[in-house]
Amino acid sequence: SAVISQKPSRDICQRGTSLTIQCQVDSQVTMMFWYRQQPGQSLTLIATANQGSEATYESGFVIDKFPISRPNLTFSTLTVSNMSPEDSSIYLCSVEAFRTSGTEQYFGPGTRLTVT
Amino acid sequence: KQEVTQIPAALSVPEGENLVLNCSFTDSAIYNLQWFRQDPGKGLTSLLLIQSSQREQTSGRLNASLDKSSGRSTLYIAASQPGDSATYLCAVQKTTDSWGKLQFGAGTQVVVTP
């Protein structure tokens with residue numbers, strides 16, 4: 001399994017500011033994924049981050065709002081830019097691990113963001 | 001577009017009873033299905049992974065079945081305990097081209113009372 005840590009675990013931010021969330025994995029992985037979980041909702045994929053290339057964003061998410069960095073095979077950051085209260089969510093990073101039983105996804109503990 | 005539905009949305013049982021959680025998906029062309037547990041305000045813990053070629057997976061008190069043709073998976077938790085209280089999420093990965101693109105259900109919130 002993969003052990004994933006995220007920083008910060010939670011934050012309260014003011015409207016119009018930006019927050020960068022860090023994700024660290026204990027092993028090298030090709031792809032890292034960023035998800036959003038809005039209050040009372042399930043998880044939605046924001047983007048896929050590959051090392052050495054630009055992130056691939058899902059429909060409804062754009063780079064200007066959610067810039068992502070992937071400087072190496074164990075680390076990624078997600079920035080939530082120009083925040084509004086609608087950005088209040090839990091943001092989670094995840095990775096895939098290839099096991100004999102198949103490809104399994106592991107998630108970090110999440111970053112709980114509240115925008116006031 | 002793949003849609004994943006979980007029924008019921010919430011479930012409360014006394015300790016010791018068996019739990020049955022249902023997950024359905026509209027597109028049977030899946031690569032795998034994964035069950036997760038989420039505690040309040042926390043991240044996800046992977047419980048079981050079922051490949052599309054498999055019919056079930058077991059881990060301790062947990063058993064998950066998969067009927068791909070009918071688009072259904074069921075998670076059974078035997079002899080429930082208060083520590084099983086959490087939200088349970090199922091997620092499907094559609095094809096081998098969709099690495100990491102999990103489609104999640106809305107979850108079943110479980111409360112096990114002592």
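Note that the coordinates shown come from a computational prediction; the quantities given were computed from them, not determined experimentally. All chains are named by letter (A, B, ...) in the order of the sequence lines, taking the proteins before the strands, and each is independently numbered beginning at 1.
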Side chain from CB out, backbone as N, CA, C, O: work out which of these in Ile90(A) comes under 4.5 Å of a heavy atom of chain B, or both, or neither. side chain

Report yes if some heavy atom in the side chain of Phe33(A) is under 4.5 Å from a heavy atom in the side chain of Leu102(B); otherwise report no. no

Nearest heavy-atom approach of Ser46(B) to Gln105(A) is CB-O, 4.0 Å

Enclosure of Glu3(B) CD (heavy-atom neighbours >12, cutoff 6.0 Å): no

If you round to the nearest 0.5 Å, how far is OH of Tyr106(A) from CG of Leu44(B)? 13.0 Å

Please say yes or no: joined through hydrophobic side-chain contacts below 4.5 Å, possibly via intermediate residues, are Val4(B) and Leu11(B) part of one cluster? yes

Drop me the distance from Phe104(B)'s CZ to Tyr35(A)'s OH, to the nearest 0.5 angstrom. 5.5 Å

CG/Leu43(A) to CD/Gln103(B) distance, rounded to the nearest 0.5 angstrom? 10.5 Å

Shortest non-hydrogen separation from Ala106(B) to Ser42(A) and the atoms involved: CA-CB, 3.7 Å

Just wondering, more than 12 heavy atoms not from Arg61(B) lying within 6.0 Å of its CZ? yes

Is atom CD1 of Ile63(A) surrounded by more than 12 heavy atoms (other residues, nucleotides or ligands) closer than 6.0 Å? yes

Residue pairs passing the disulfide (SG to SG under 2.5 Å) test with at least one member in residues 46-97 of chain A, sequence neighbours excluded, are Cys23(A)-Cys93(A)

For the CD atom on Glu54(A), are there more than 12 heavy atoms of other groups (residues, nucleotides or ligands in this structure) within a distance under 6.0 Å? no

Rounded to the nearest 0.5 angstrom, the NZ-CD distance for Lys101(B) and Glu96(A) is 11.5 Å

Heavy-atom distance under 4.5 Å to chain A: side chain of Leu89(B), backbone, both or neither? side chain

Quick one: which of Gln34(B), Gln38(B), Gln109(B) has the most heavy-atom pairs under 4.5 Å with chain A, could you say? Gln34(B)

Below 4.5 Å from any heavy atom of chain B, which atoms of Gln37(A) appear? Answer side chain, backbone, both or neither. side chain

Those residues that, when tested against Ser69(A), pass side-chain contact (heavy atoms from CB on, under 4.5 Å) (two or more places apart): Pro71(A), Thr77(A)

